[in-house]
Amino acid sequence: MFYDFKKIENKWQRKWQKERAFRARINPAKKKYYLLEMFPYPSGKIHMGHVRNYTIADVASRFKIQEGYNVLHPMGFDAFGQPAENAAIKNRTKPDAWTHKCIRDMEDELKKMGFSYDWEREISTCDSDYYKWNQWIFLKMYEKGLAYKKASSVNWCPNCATTLANEEVIDGGCWRCHAKVEQKDLEQWYLKITDYKERLLEDLKQLPDWPERVLSMQTNWIGKSQGVEIYFRLKGLNKIIPVFTTRQDTIFGATYIVLAPEHPLVQELIKGKPQEKEALEFIAKVAKESKVVRASSDVKKEGVFTGSFAVNPVNNEEVPVWIADYVLMEYGTGAIMAVPTHDQRDFLFDKEYALPMRVVIQQPGANNLNPELMPEAYEGDGTQVNSAEFNGLPNQEAKIKIAAWMEKKGIGKIQTHWRLRDWLISRQRYWGTPIPVIYCPKCGVLPVSYKDLPVKLPKDAPFTGEGGSPLGKIKKFVELRCPQCKSPARRETDTMATFFDSSWYFLRFCSPEFSQGPFEEKETGYWMPVDQYIGGIEHAILHLLYARFFTKFFKDLGMISFDEPFKRLLTQGMVLKDGEVMSKSRGNIVDPDAMIKKYGADSLRLFILFAAPPETELEWDDRGLEGAYKFLNRVWRIQDNLKEKADSSLTRVLHKTIKKVSADFREFKFNTAIASMMELTNAIYQSAADKEVFSKLVIMLSPIAPHFCEELWRILGNKKSILKAGWPQADPDLLVEENITMVIQVNGKVRSKIDVPANIPEDKLKELVLADGKLAPWLQNKPLKKIIIVPQKLVNIVV
RNA sequence: GGGCAAGUGGUGGAAUGGCAUACACGACAGACUUAAAAUCUGUUGGCCGCAAGGUCGUGAGGGUCCGACUCCCUCCUUGCCCACCA
């Protein structure tokens, strides 16, 4: 007999919706729990990654409800973005209509999984009720000087005809379409996230419940490094070139310096030199290369001599000045001191052009380093040599002393450098939030006034697939009168990067219909911060960093009182098929909808939680899913064979299971929680359950297989929803064993086992153990050294 | 090149200093059946042994410990993230 999952799932999904079972409202009498998954892009279909992410969250949500928390569990759509425009070009649909159709389809699929969302809070970032507040936030940032416009060389995707943030360039290609990224000069809007770099770094300490990996990725991305800016005087010119280094201990080994080709002093340095022509050609060549190509490690390091010399301030040595592609203007001062013996990049460049080298850090223990014979740079620690008064010092100690000494002598300055850049938010696209700015030829850049928000995205736009923003082609949108002087003016036609939308949506969920501001402080005061955030590791850097930045900004505006938006973070692993990530291009997709049709949502949920712990990769297995289905049927059949009173041994197993499952749920260890419920089920098959035991199993299983358990719960005669059943408590008296099995080891190897009363005194236990005949062959004629007793577990005899 | 994970039966995985392989999948066998499916019940790391039992065994090698899948060191492999960052 199989249970009718189609009927049951449909029935309960409709009932939960009708009864608003997951409606969340402020209730000061109850402890709140805000559970959030990274909201999806509405592609129209959910994939297994979504199923996994949302199932993990849903179990946590339902478990917390049963534990008595007031749970907020919302869902919405990150609805702006490129695919809608691409679909518009391809299928002649409108992005708006296409997106809303996709949203409806995805809602249906999510509902079929039985997720416990408060659908009344659903938000969609492409609705003007939402993006109005993007514009509001932008204006606030503009007021505070955090949004600014800058002409700069940007990454340009020729395929998408749009700019990309550095963070969106992957291996020299566009993060979406993988086309080769070029360089282009454009006026762009930036957000000054660098103003928050110290706090973004420092406050990571407030997040002990984030995965170590993510914390380390964020730290590296912010990239604080302590070093010294050293001043090299240019020979023959009354100018100095500052260089930044974190290895000031190697300054005595700096045998040349290298400038980025774009460095402002380069033109002056090469002027009239024999190398001038060659240098100019080189600069022109590098200018054409994208930063990304220059940054790839397999490209040979190239450079030219400028014909000029600089003076190393620590020993007054004259060193040649070179320019090279591997030095970037964007980092540090755009100039480096080259120490080929102790920096591998300098070493490779040195070998290419046969420049001088000198060892200044001697490797401990090994033979003296010889610059001619070194196969590579020595970048490790050691003792200072050829370093004047610092000779003999360990280099880590010299680092501190040299920095202080340089500051004292005025030849350098201790400095901190950061890797984090400002965030480029302009996109030359249609399907995004219009940046609320007006350009007047007389009055200049004018922010749109708050009362005129939202600047609505026009519904009709020409989609030709050709480059440039479609918005720029809509006269009605672009042309207007300047609000100050009434002369003809233009609107900004750039839209915001969608990362902007997702940087504060977790706040909007607290009061999705609030019309006086982006969020209502009474609501965020109760619900925020998010207690548990769940999503993919691919958002470990950008999204989480931006969301943290926005949170700090709102705090500075006095709108919220906390520093960090997400208390705990869980990054779920990918879903694999045959050892590879599921993807359309690989053609190894398993469609969740087809699986729901075949086995039901409850079986799918059960399988996906049982197959692996949440953080690790999950190998898809059709047979595993079938196994989950069979297990549910096995539980279903228990109802046919209940007895009046369960055996006391079964009751003990039940209470052990309650303890284990409760602990595992709290730590998101769903795979082992399910395993122990399977063990309980096996025990029930050995010795029939009573209603009490069975009911408790059903409650424990209900967060995982909610429709199935709700149905069984009613079959067992309960009138109210299983969500109101409360979580079972383990009876401590039933957890205590009267007799336990002790493992007996001799020299660490298991040789015997004995059953003893749990409360046996140690000397009595020793006596029993030594009398154990099985041990005789191992103890014979050997002097007893000691006996180690681990209470309730084992005895180890050392001979 | 750097950082972080991970490496356990035929497979997914369990055990985070104390009985290695829980739980499940698969396989094999039995019961039920005219038969199959479903279901129920067993067996299932390698080697030696009729058996009792012994012995080897958690990527490789070493170390700490009464005792190591677990901690430390070296190496190998795989995955993810980052990368001319000076």
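Below, read A as the first sequence line, B as the second, and so on, with proteins coming before strands; counting in each chain starts at 1.
- A31(B) is paired with U39(B) under the criterion used here, namely a Watson-Crick or G-U wobble arrangement in which both key atom distances are under 3.5 Å.
- Nucleotides G12(B) and G59(B) are separated by 14 Å at their P atoms, to the nearest Å.
- Taking atom P in both U64(B) and C73(B), one finds a spacing of 15 Å when rounded to whole Å.
- Taking atom CD on Glu626(A) and atom P on U11(B), their separation rounds to 21 Å, with Å as the unit.
- In this structure G67(B) sits in no base pair that meets the Watson-Crick or G-U test at under 3.5 Å.
- Proximity note for Glu617(A) (side chain, C-beta onward) versus A83(B), G79(B), G13(B): the nearest is G79(B).
- Taking a pair to require two hydrogen-bonding distances under 3.5 Å in either a Watson-Crick or a G-U wobble arrangement, U44(B) pairs with G26(B).
- When the side-chain nitrogen and oxygen atoms of Asn220(A) are compared with OP1 and OP2 of G2(B), none of them lie within a distance under 4.0 Å.
- The nucleotide A5(B) finds its pairing partner in U78(B), both defining distances of the Watson-Crick or G-U wobble pair being shorter than 3.5 Å.
- Comparing Glu619(A) and Glu212(A), the nucleotide of RNA chain B nearest to each residue sits closer to the 5' end for Glu212(A).
- Contact annotation: Thr616(A) side-chain N/O to A5(B) OP1/OP2 distance is not under 4.0 Å.
- Distances shorter than 4.0 Å separate none of the side-chain N or O atoms of Gln686(A) from OP1 or OP2 on C40(B).
- Distances shown here put every side-chain N or O of Asn682(A) at or beyond 4.0 Å from the OP1 or OP2 atom of U41(B).
- Of the residues near RNA chain B, Lys749(A) and Thr672(A), the one whose nearest nucleotide (by heavy atom distance) lies more toward the 5' end is Thr672(A).
- As rounded to the nearest Å, U41(B) and C25(B) have P atoms that lie 12 Å from one another.
- Straight-line distance between the C1' atoms of U16(B) and U70(B): roughly 5 Å, to the nearest whole Å.
- The separation between Leu328(A) atom CG and C85(B) atom P is 8 Å, rounded to whole Å.
- By the 30° and 60° cut-offs, the orientation of the rings of Tyr629(A) relative to Phe5(A) is perpendicular.
- For Ser216(A), the listed nucleotide lying nearest its side chain is G3(B); candidates were C23(B), G13(B), G3(B).
- Scanning atom types as modelled, no donor and acceptor separated by under 3.5 angstrom connect the side chain of Lys786(A) and the base of C66(B).
- Contact check on Glu617(A) versus Arg52(A) returns no salt bridge, with no Lys/Arg side-chain nitrogen under 4.0 Å from an Asp/Glu carboxylate oxygen.
- As judged by a 4.0 angstrom heavy-atom cut-off over every strand, Lys630(A) is placed among residues touching the sugar-phosphate backbone only.
- When rounded to the nearest whole Å, the span between CZ of Arg213(A) and P of G79(B) equals 14 Å.
- The CG-C1' distance, from Leu632(A) to C23(B), rounds to 15 Å in whole Å.
- A centroid separation of less than 6.0 Å is found between the aromatic rings of Tyr3(A) and Phe708(A).
- Residue Val750(A) places its side chain closer to C19(B) than to any other of A86(B), G12(B), C19(B).
- No donor-acceptor pair closer than 3.5 Å links the side chain of Ser387(A) to the backbone N or O of Gln384(A).
- Closest to the side chain of Leu794(A), from the set C84(B), G18(B), A14(B), is G18(B).
- Taking side-chain N and O atoms only, Arg634(A) has a distance below 4.0 Å to OP1 or OP2 of C40(B).
- Side chains of Asn220(A) and Arg419(A): no donor on one and acceptor on the other come within 3.5 Å.
- Because its NZ or CZ atom is both nearer than 6.0 Å to the ring centre of Tyr685(A) and within 45° of the ring axis, Arg634(A) counts as a cation-pi partner of that residue.
- You'll find a donor-acceptor pair under 3.5 Å spanning the side chain of Gln745(A) and the base of G18(B), going by distance alone.
- Rounded to whole Å, the distance from OH on Tyr326(A) to P on A83(B) is 20 Å.
- Remark: the separation of the C1' atoms in G1(B) and A14(B) is 37 Å, to the nearest Å.
- Base pairing of G61(B) is made with C73(B), judged by Watson-Crick or G-U wobble geometry with both donor-acceptor distances under 3.5 Å.
- Phe607(A) has its CZ atom 12 Å from the C1' atom of U11(B), to the nearest Å.
- Side chain of Arg623(A), nearest nucleotide from G3(B), G26(B), G18(B): G26(B).
- The side chain of Lys793(A) has G18(B) as its nearest neighbour among G18(B), A20(B), A86(B).
- Looking at the side chain of Phe2(A), the nearest of the listed nucleotides A38(B), G13(B), A86(B) is A38(B).
- Nucleic acid contact for Arg419(A): base, since at least one base atom lies under 4.0 Å from a heavy atom of the residue.
- Here the nucleotide nearest the side chain of Trp221(A), chosen from C25(B), C82(B), C19(B), is C82(B).
- Of the candidate nucleotides C23(B), G18(B), G3(B), G18(B) has the atom lying nearest to any side-chain atom of Val790(A).
- Within 6.0 Å of NZ on Lys793(A) lie no more than 12 heavy atoms contributed by other residues, nucleotides or ligands.
- The shortest distance between the side-chain N/O atoms of Arg751(A) and the OP1/OP2 oxygens of U55(B) is below 4.0 Å.
- Note on Glu229(A): nothing from the nucleic acid sits closer than 4.0 angstrom, heavy atoms only.
- Using a 4.0 Å heavy-atom cutoff across all strands shown, Asn796(A) reaches at least one base atom of the nucleic acid.
- Distance, Glu615(A) CD to A14(B) P: 10 Å, rounded to whole Å.
- Taking atom P in both G61(B) and C56(B), the straight-line distance is 14 Å, to the nearest Å.
- For Trp423(A) and Phe499(A), the ring centers sit 6.0 Å or farther from each other.
- Atom P of C69(B) sits at a distance of 15 Å from the matching atom of G63(B), rounded to the whole Å.
- In summary, the side chains of Tyr256(A) and Asn312(A) do not present any donor paired with an acceptor at a separation below 3.5 Å, with no hydrogens or angles considered.
- For the pair His342(A) NE2 and G1(B) P, the computed distance is 21 Å after rounding to whole Å.
- Distance check on atom C1': C23(B) versus G9(B) gives 14 Å, rounded to whole Å.
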